[in-house]
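The structure appears below as structure tokens.
Proteins get letters first, then strands, A, B, ... in listed order; numbering begins at 1 in each.
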There are 2 protein chains.
Amino acid sequence: MSVWPTAAAKQRLCPIEASDVEIVGGFWARRQRLNREKTIPHGFAQLQRHGELDNLRLAAGGPGRYQAETDSGGSTFPFLDSDVYKWLEAVGWELARGADPVLAAAAEEAIGVVAAAQRPDGYLNSYVQVVTGGVPYGDLAWGHEFYCVAHLIQAAVAWHRGLGDDRLLTVATRAVAHIDAEFGVRGRPGIDGHPGIEMALVELARVTGEERYLALAERMLGLRGHGLIGPGRFGSEYWQDHEPVREAATVAGHVVRQLYLDCGAVDAAVELGDEELLAAVRRRWSDLARSRTYLTGGMGSRHRDEAFGDPYELPPDRAYTETCAAIASVMLAWRLLLATGEPEYADAIERAMYNGVLSGISLSGEEFFYINPLQRRTHRAAEPVGHGRRAPWYPCACCPPNLMRLLSSWHHYLATGDEGGIQIHQYADADVTVGDVRLAIRTEYPWQGRVTVHVLQTPDRPWTLSLRVPAWSRSAGGPVVQHSRQWNAGDSVVLDLEPVIRVTVPDRRADAIRGCVAVERGPLVYCLEAVDAPASTELEDLAWDGGRQPQEVPRPDLEPAMIGVSVPVVGASPGEDLTAGAIPYFAWANRRVDAMRVWIPAFTSEPEARSNPARSDPG
Amino acid sequence: MSVWPTAAAKQRLCPIEASDVEIVGGFWARRQRLNREKTIPHGFAQLQRHGELDNLRLAAGGPGRYQAETDSGGSTFPFLDSDVYKWLEAVGWELARGADPVLAAAAEEAIGVVAAAQRPDGYLNSYVQVVTGGVPYGDLAWGHEFYCVAHLIQAAVAWHRGLGDDRLLTVATRAVAHIDAEFGVRGRPGIDGHPGIEMALVELARVTGEERYLALAERMLGLRGHGLIGPGRFGSEYWQDHEPVREAATVAGHVVRQLYLDCGAVDAAVELGDEELLAAVRRRWSDLARSRTYLTGGMGSRHRDEAFGDPYELPPDRAYTETCAAIASVMLAWRLLLATGEPEYADAIERAMYNGVLSGISLSGEEFFYINPLQRRTHRAAEPVGHGRRAPWYPCACCPPNLMRLLSSWHHYLATGDEGGIQIHQYADADVTVGDVRLAIRTEYPWQGRVTVHVLQTPDRPWTLSLRVPAWSRSAGGPVVQHSRQWNAGDSVVLDLEPVIRVTVPDRRADAIRGCVAVERGPLVYCLEAVDAPASTELEDLAWDGGRQPQEVPRPDLEPAMIGVSVPVVGASPGEDLTAGAIPYFAWANRRVDAMRVWIPAFTSEPEARSNPARSDPG
């Protein structure tokens, strides 16, 4: 289980053991299988090809030259070790789901390399050891040293919890000891330009029972927001050093940094019973969800500094919406769901997973998007490479192994338990065990809305089955349906969520998409791709024809059981009844490089305010 | 005169001597006076304060430490000499307009410093001489060495043409000789990451009669587009090295770099009679004007790389629209006007000057905008500094002295002559002499639309007076009104342009402003500032009420004779008839830091397409 609070933690819901949940079929089984059979092996090949493993071998004293990936301008990335660790975390969860000798052998090799690279004093960072002369912590702002250790810890936690294998945990605790000696409560103040270690340290405390890791996390959380790092190129908010974590009213700066930090804040808050800290994160989340989250669950409006925009600054074309940001939002929402029990957080997980996260990986499982815009113009389709084509890897390859570890642990997020019963948050064909209750959940979600929960085993006392009713479904009552009774084996409960096609209107403050509508169905956001539009017209010339109804259309060409939508549109010269095929947003860019849009202009006659009809300007 | 083709140049219109045009009153006299009395002295003080002059003194062997301005991340700017040169160019034009002992003394000091800084071998660049060890041309991509010399040449040309003072010309020709020896026709291939020297070299050839400067310009134009510099951080298009100048179909990359390069291409094309090269620039301009130019004449949709966006990617909030880009568009449009005689280029100059250029400077003349967005949300008004407040100077201070030199030479752009007569392109209270014709133009433009041209002196033969009819005025006939006759002293011609309020609808492909309208009147684009909106509502909650008419409102509180517009709006709860005051866009941000918007949502009932009215998402 990715997040496993102690018994003393102050939180509302309890995760259940990863081994007690299994996704057995349907949409998510397909994706977990693809991840295990294609994506993770592909990841290992890429780590070998791009030097991430060889760099650790170099740190261990091997021969060769550091193969630092660089951006096109020649900047060298110092954080590539973290991709090895994220990949190892994914393999840890996978091997816990079931043995696989090839994956296991690859992981053995990687673990050996990691352990060998660690210095006798515990320090471990191939970039510093090989490239910058081996002096640790010389560039906390950009160096990502704590960040890399954070991912090492997360991998170690996965291998410990999932497999009882503590080899990585030994490496991680030694690496943390090195940090703790210099930056612990009796050390100098220091924070990493990229948060991440905070949540990892809390998990390490949970796994080891050692309070000092929690104390170090608390210290690092407290040191933020006092300008310790300096303004840098993008201002203090870029590295979350602009306001104290418990004071900042809104999210700000680099999206992934903010969300990782808030994950750590929640983890610490529940362990410490720090309600003020938890409230600060919830306040930020509330603002974020209301005014800075894309329809796809994506976050991040700006390319320049990978940052949130102003409230309601949500351009579909220049959306940055990094895959890692959507993943981080799932991580944070999960923590908030556990802490509070409020179903809005599970809704957010659903929206992000089915849209902003899954768009980051191709249907083949071997190509990735780093950024996930909601619109690409026809112009871009004429360009040779780089725009709108998924890539097998990236110079900064944070997203691909992040997808791997989330997909390999996705079953962790389906359900929780508490004293009164079991809560189902996400729907998939899954078998779930909580104590002496065994359930079989069966559904064709997200394509169909019926969910059946079969009670296979039950104790001889009443308990409550809670089923989340997604916000998009208004047919089944409130945000949660609860069935409290004395159950018998063989009982079943049916939830009908009725995923009708919805035509979504943007908030009127969202300037960039005014006058548009979007298609949704169930948890899925849809998009138009030019390949599915009338050949006679460019995608930019199509407008939604509100006088006709959209229709469901099976799309087995893209995936079995997939439901597409036929959208009524008019072209540049109104009068002709045209239709364009909408597909789930996550499935875009799997055919050719093409124009795409989520938000579709609504056809209207020209505004009456226009007093000089001959005058029209581009912008 | 800023641009002065040779007699052999292949172009349609001829500039007239700067000394033969004088702006005597009204809107532009006010601005030229402010520039002379406030802005340029302020510029000198800033150059002293921020070290630009002292750095040149250091290069001359003086004591001290290089005062490189840096961005907040610590990057050092190597191009600060150019700000001294741009300032000197402005002073050259000013002193040509009339003596000023204080300005003259400041310029003497600056010229002395520049001349002293030059090395015996002709090389001149304070950053290289002082900071990087004195080895020239080691970083053509980022070093801006040719770029700085380009501005030196432009200053030298101004002092030569305006004052017959060739001290800077001597410095400039020696600096160019140093470049020519290494990069000339028998030298190694080399281009600057920032174009600019191409147009300067053509002007230097014009001033000196030396063909080799034209040949060097031609060589540098020809070397571009073959990947000589490498992709860099932002791709080859960032420094205009992605496609040959005569082949690129559209503008691309960094806006100012593209426009400066195309200025040089036009200059070279007319001198060389290279119609293919001219056609390439016109083709790019045409695409740019149609699909990537803001209503304000601003250009540049992206912060990340200061670049053009995709066609119709014109976000008002994240518009970059650098002041220098608007200035560069005036420079390029002027060259295209001279080359072709086509009035659309004069229209573009007017739109850019009254809106995107003038917004770059405060009404006080001492504060500047580097970027000029078309929207600022209420949220931003709550922030302390930096957003939406003009600054007295910038670490990268390219824009302020660029404004100074354009305003000091603005009278150059009003009129041209050709064999048949005189063409008036821009309207101002001005006295104009062309050969033996003397005209007095009188107008209250842009506030009122009547222009009267008095003929004060005329030869005893027929000639043609051509008056541009701006594209926004449809009341006076075609794009140009021509009066061909035998004139008599005392004749006058009246042009009535009727600047009625226009409600402008965006191009339907401009996604970011769909469903909005903008207010224009005459050449001016208007905007709403929160300070002029009903206090009970935020600017984001206002929508244009098409059922009522906007009204003219005098705004003497901001400037004598200024006309504002009272805009009918509805607030968050429709039904109440509200109004908001719109002011010319150039005048925004002169009171408090406030929310602002050019494009105003048009009030409509919700789109009928909406099938699930409870569902609404931010983006």
Side-chain angles (χ1 to χ4, degrees), chain A residues 71-73 231-235 290-295 302-304 310-318 375 377 379-380 472 474 501-518 520 540 544 546 601-602 604 606-612 614-619, chain B residues 71-73 75 231-233 235 290-295 302-304 310-318 375 377 379-380 472 474 501-517 520 540 544 546-547 601-602 604 606-612 614-619:
Chain A
D71 68 14
S72 53
R233 195 182 305 155
F234 302 122
R290 187 183 67 251
S291 69
R292 311 195 214 214
T293 303
Y294 283 91
L295 190 64
R302 298 185 179 177
H303 282 238
R304 181 174 169 273
D310 288 345
Y312 302 100
E313 178 193 322
L314 294 161
D317 49 355
R318 291 291 283 173
Q375 175 180 13
R377 292 188 181 79
H379 171 78
R380 284 283 163 200
W472 54 260
R474 298 177 306 142
I501 295 170
R502 309 191 306 285
V503 181
T504 301
V505 176
D507 188 289
R508 75 193 158 72
R509 287 203 175 201
D511 295 297
I513 47 173
R514 180 168 288 111
C516 291
V517 295
E520 293 182 277
E540 289 77 11
W544 180 279
T604 54
E606 294 297 306
E608 293 174 22
R610 179 171 159 177
S611 68
N612 182 350
R615 184 93 187 105
S616 147
D617 262 284
Chain B
D71 68 14
S72 53
S75 299
R233 195 181 306 156
R290 185 184 67 250
S291 70
R292 310 195 214 215
T293 304
Y294 283 91
L295 190 65
R302 297 185 179 176
H303 283 237
R304 180 173 169 273
D310 287 347
Y312 302 100
E313 178 192 323
L314 294 161
D317 48 356
R318 290 291 284 173
Q375 175 179 11
R377 293 187 180 79
H379 170 79
R380 284 281 164 203
W472 55 260
R474 297 178 306 142
I501 295 170
R502 309 190 305 286
V503 181
T504 301
V505 176
D507 187 290
R508 75 192 158 74
R509 286 203 177 201
D511 296 296
I513 48 172
R514 179 170 288 110
C516 291
V517 296
E520 294 182 277
E540 288 77 12
W544 179 279
T604 53
E606 294 296 306
E608 294 176 18
R610 180 169 157 179
S611 67
N612 183 349
R615 182 95 188 103
S616 147
D617 261 286

Top residue by heavy-atom pair count (under 4.5 Å) with chain B, among Pro316(A), Ala518(A), Pro601(A)?
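Heavy-atom pairs under 4.5 Å are most numerous for Pro601(A).
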On a heavy-atom basis, which atom in Arg508(B) and which in Glu540(A) lie closest, and how many Å separate them?
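Arg508(B) and Glu540(A) have their closest heavy atoms at NH1-O, 4.1 Å.
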Scanning both residues in full, the closest heavy-atom pair of Gly515(B) with Arg514(A) reads O-CD, 3.9 Å
Between the CD atom in Glu313(B) and the CZ atom in Arg318(A), the distance rounded to the nearest 0.5 Å is 5.5 Å
Contact part of Pro311(A) toward chain B, heavy-atom cut-off under 4.5 Å: side chain, backbone, both or neither?
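It is both, since atoms from each part get that close.
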Segment of Asp317(A) engaging chain B (4.5 angstrom heavy-atom cut-off):
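It is the side chain, since no backbone atom gets that close.
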